[in-house]
Asks: 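A single structure is presented below for examination.
In this chain, residues are counted from 1 in sequence order. Please read these numbers as outputs of a predicted model, since none were measured by experiment.
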Amino acid sequence: MVVGQEDQARLSRRADAMSAHDRHDTSIIPVREIHRFDEIALAEWMRTHIAGFAGPLAVEQFKGGQSNPTYKLSTPTQTYVLRRKPPGQLLKGAHAVEREARVLTALGKHGFPVPNIRGLCTDDAVIGTWFYVMDMVEGRIFCDATFPDVRREQRPLYFDAMNAALAQLHTIDFTFIGLSDYGRAGNYFQRQIARWSKQYLEDEDAGRDPNMDRMIDWLPDHIPPGEETSIVHGDFRCDNMIFHPNEPRVIAVLDWELSTLGHPLADFAYHLMMYRMPPLVIAGLVGSDLEALNIPSESDYVAAYCRRTGRVDIPNLDFYLAFNMFRFAGIIHGIKGRAKRGTAASDNAKDLIDALPIFAKSAWDLASARA
């Protein structure tokens, strides 16, 4: 198996930019000192590999997207986005920009809303790390799941657009679009639970959490029956989507670092966590008056997804939610370990670490209620 086709090095891929308010901060800043590279060499590569490229080239950095540093590339006639591996020593299989480029290319050719990939470079000599270049998509990104800047009567349409995009992803024939080897089919939960449990237990710097310990014991014995496999995004949230500037329509889904072949209900339940969590490090809805905001209820949202994917209902929804809360707590636990070792670069690392016990407790509350 090719390293990276399973979620085995994913912890570091979100480690520097997990906050909903930071990850897709689209403000532009000068390129950070640690993320600078030879811009002349990049322009030469683009001139050779990207059709229609014509300089001069101006390079700036997006404030968000620190996990894989993300840059705005401007020319007199075109604007691009560059995503690269971060500099320095990396975990094996982590920050796999070539996987991002591959899934974006495959999905884009078959009508799923993603940015258009212009080129992938796997030569470290150009800018120091592998990278890819895609077209910049202009639109709206919402870091608040209440969509406060949307008119009340329009909010259900934005939620429906998210729902439709995820259902579309889960019903794509991954074999037909050339992604049959993008991950391993079957035993998704067993593999994921084992992977995140191992990473949690081995990261001694981050310490232990009693609810995480309980979940490690509980999860393997409560996996629901039935195998399904689809492309899963792994981090499907409102702040990972670009919406049309004026319409309730998803025009690009971003951040495919955690994507693989997996169980669609795991992916859907991760997205559904917005209904179960306050707006901490994810765009959560707990504490919001959904009726006053005209936001669909969780049950209505689940029913819409079921209609689109040919399901009657989701009998083991609480397991899928508990699993995702455990998984998310595992990601944060990894960030805590990196912070202890001085390698977590995010300005929001402390906020993330403070949220770890909240996610772990939420997972155990769901698990213990099922016992």
Side-chain angles (χ1 to χ4, degrees), residues 1-14 17 23-24 49-50 65 67-70 80-86 90-122 129-137 141 162 164-186 188 191-192 195 228-237 239-242 250-268 270-271 309 327 331:
M1 181 185 68
V2 178
V3 173
Q5 290 184 344
E6 188 176 2
D7 274 353
Q8 57 182 331
R10 317 291 178 143
L11 176 146
S12 69
R13 299 188 187 192
R14 305 310 300 143
R23 295 166 347 106
H24 283 302
H49 294 88
I50 295 183
S67 176
N68 283 335
T70 306
Y80 309 92
V81 172
L82 180 148
R83 293 262 290 171
R84 66 179 292 203
K85 291 174 180 276
L90 305 176
L91 292 176
K92 186 177 181 181
H95 304 277
V97 294
E98 70 279 11
R99 280 178 55 83
E100 286 187 55
R102 181 186 177 193
V103 71
L104 289 168
T105 299
L107 291 171
K109 288 180 178 178
H110 291 85
F112 189 80
V114 290
N116 178 47
I117 297 294
R118 290 300 194 102
L120 168 69
C121 177
T122 56
T129 62
W130 293 12
F131 66 90
Y132 68 88
V133 175
M134 59 186 171
D135 289 335
M136 184 167 175
V137 179
I141 295 177
M162 292 193 294
L166 189 55
Q168 179 186 357
L169 178 66
H170 292 164
T171 52
I172 290 173
D173 185 336
F174 56 87
T175 299
F176 179 76
I177 68 171
L179 294 178
S180 60
D181 62 345
Y182 193 63
R184 290 175 59 186
Y188 178 76
R191 291 184 285 107
Q192 284 280 299
R195 173 57 53 185
E228 296 182 49
T229 303
S230 73
I231 302 167
V232 295
H233 180 273
D235 198 12
F236 197 86
R237 323 189 316 192
D239 54 308
N240 270 340
M241 299 173 226
I242 299 177
V250 176
I251 57 175
V253 177
L254 308 175
D255 275 10
W256 293 82
E257 298 171 69
L258 297 178
S259 63
T260 186
L261 298 185
H263 201 296
L265 293 181
D267 210 28
F268 176 67
Y270 178 88
H271 176 54
T309 56
R327 172 178 172 266
I331 293 173

Asks: Among residues at least two apart in sequence or on other chains, which ones pass ring pair (Phe, Tyr, Trp, His ring centres under 6.0 Å) with His271?
Replies: Phe236, Tyr301
Asks: Working to the nearest 0.5 angstrom, can you tell me the gap between Asp235 CG and Asp255 CG?
Replies: 6.5 Å
Asks: Atom OG1 of Thr309 and atom CG of Leu265: how far apart are they, to the nearest 0.5 Å?
Replies: 7.5 Å
Asks: Would you indicate whether the side-chain heavy atoms of Arg99 and Thr260 approach each other to under 4.5 Å?
Replies: yes
Asks: Test Thr70 against Leu82 for side-chain contact (heavy atoms from CB on, under 4.5 Å), laying out the working first.
Replies: CA-CA 6 Å; Thr70 306; Leu82 180 148; over 6 Å; no
Asks: Please determine whether side-chain contact (heavy atoms from CB on, under 4.5 Å) holds for the pair Leu104 and Trp256, giving the CA-CA distance in whole Å, both sets of side-chain angles, and the decisive distance to 0.1 Å.
Replies: CA-CA 8 Å; Leu104 289 168; Trp256 293 82; 3.4 Å; yes
Asks: CE/Met162 to CE/Met241 distance, rounded to the nearest 0.5 angstrom?
Replies: 5.5 Å
Asks: Closest approach of Leu261 and Ser180, non-hydrogen atoms and distance?
Replies: CD1-O, 3.7 Å
Asks: Just list the side-chain donor-acceptor pairs under 3.5 Å for residues 109-117, sequence neighbours left out, or say none.
Replies:
from	atom 1	to	atom 2	distance (Å)
His110	ND1	Ala106	O	3.1
Asn116	ND2	Asp135	OD2	3.1

Asks: Check whether any side-chain heavy atom of Asp173 lies under 4.5 Å from a side-chain heavy atom of Ile177, and answer yes or no.
Replies: no
Asks: Verify the distance criterion only: is there a donor paired with an acceptor across the side chains of Arg118 and Tyr132 at less than 3.5 Å?
Replies: no
Asks: Between Asp267 (side chain only) and His233 (backbone N and O only), is there a donor and an acceptor less than 3.5 Å apart?
Replies: yes
Asks: Distance check, rounded to the nearest 0.5 Å: Ile141 atom CD1 versus Ile242 atom CD1?
Replies: 4.5 Å
Asks: Roughly how far apart are Gln168 CD and Ile231 CD1, rounded to 0.5 Å?
Replies: 10.5 Å
Asks: Taking Lys85 first and then Glu100, would you say they form a salt bridge - that is, a charged N and a carboxylate O separated by under 4.0 Å?
Replies: no
Asks: Starting at CH2 of Trp130, measure out to CD of Glu98 and round the result to the nearest 0.5 Å.
Replies: 5.0 Å
Asks: Strictly distance-based, threshold 3.5 Å: is any side-chain N or O of Ser230 a donor or acceptor partner for the main-chain N or O of Glu228?
Replies: no
Asks: Within the structure provided, determine whether Leu120 and Arg102 are in side-chain contact (heavy-atom separation under 4.5 Å).
Replies: no
Asks: Quick one: are Leu258 and Val232 in side-chain contact, heavy atoms under 4.5 Å?
Replies: no
Asks: Please check if any side-chain donor atom of Ser259 sits under 3.5 Å from a side-chain acceptor atom of Tyr182, or the reverse.
Replies: yes
Asks: May I ask you to check if Arg83 and Phe131 form a cation-pi contact, with NZ or CZ under 6.0 angstrom from the six-membered ring centre and within 45° of the axis?
Replies: no
